[in-house]
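Everything numeric in this text was worked out from a predicted model, so none of it was measured.
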Amino acid sequence: QVQLVESGGGLVQPGGSLRLSCVASGFTLDNYDIGWFRQAPGKEREGISCIANDGTTYLYDSVRGRFAISRDNAKNTVYLQMNNLNSEDTAVYYCARGLCHGAMGDFDSWGQGTAVTVSS
């Protein structure tokens, strides 16, 4: 069964850092692009980053310079390193497999999400 499991969320202080993990099972990670998305309370889900199966990374403007995406195919895991966190980063974070150049609907499998709260 295809499964993506996010972890690493929690409560962090403004300016702090957090590393999220997305562990994939039921498929070979290196055959897919993996994206990170987030949904803040009362807001629509938005894409924040994506890593292609060849290692090419993409970052949206809202997180560029603060976040970094990486993958470890041997561990079937994609990471999202988040630095300089602020209140606007408070959201539930999701990973999904799909195509970095596709739309959100082109990501066919999603994790359950991990909640990140940035607060002092």
Is there a path of hydrophobic side-chain contacts, each under 4.5 Å between heavy atoms of I/L/V/M/F/W/Y residues, joining [Y] to [X]?
X    : Y   : result
F27  : W36 : yes
Y79  : I34 : no
V63  : V78 : yes
M104 : Y94 : yes
L20  : I51 : yes

With respect to R97, which candidate in V2, L29, D33 satisfies the side-chain contact (heavy atoms from CB on, under 4.5 Å) definition?
-> V2
The ring pair (Phe, Tyr, Trp, His ring centres under 6.0 Å) partner of F37 among Y60, W110, Y93 is W110
Rounded distance [0.5 Å steps], [atom1] in [X] versus [atom2] in [Y]:
X    : Y   : atom1 : atom2 : value
L59  : C50 : CG    : SG    : 10.0 Å
S120 : L11 : OG    : CG    : 9.5 Å
R71  : T57 : CZ    : OG1   : 11.0 Å
S25  : L4  : OG    : CG    : 7.5 Å

Of all heavy-atom pairs between G10 and L18, which one has the smallest distance, and what is that distance?
-> N-CD2, 4.0 Å
Closest heavy-atom pair and its distance - V118, D89 | CG2-CB, 4.2 Å
Any donor-acceptor pair under 3.5 Å linking the side chain of [X] with the backbone of [Y]?
X   : Y    : answer
N76 : A24  : yes
N83 : F67  : no
S49 : Y58  : yes
R45 : Q39  : no
E6  : G113 : yes

Decide yes or no for M82 and R66: does some side-chain heavy atom of the first lie under 4.5 Å from some side-chain heavy atom of the second?
-> no
Close side-chain approach of R38 and S62, heavy atoms under 4.5 Å | yes
Check against side chain to side chain contact (heavy atoms under 4.5 Å, CB included), L80 and I48 = CA-CA 10 Å; L80 183 68; I48 54 173; 3.7 Å; yes
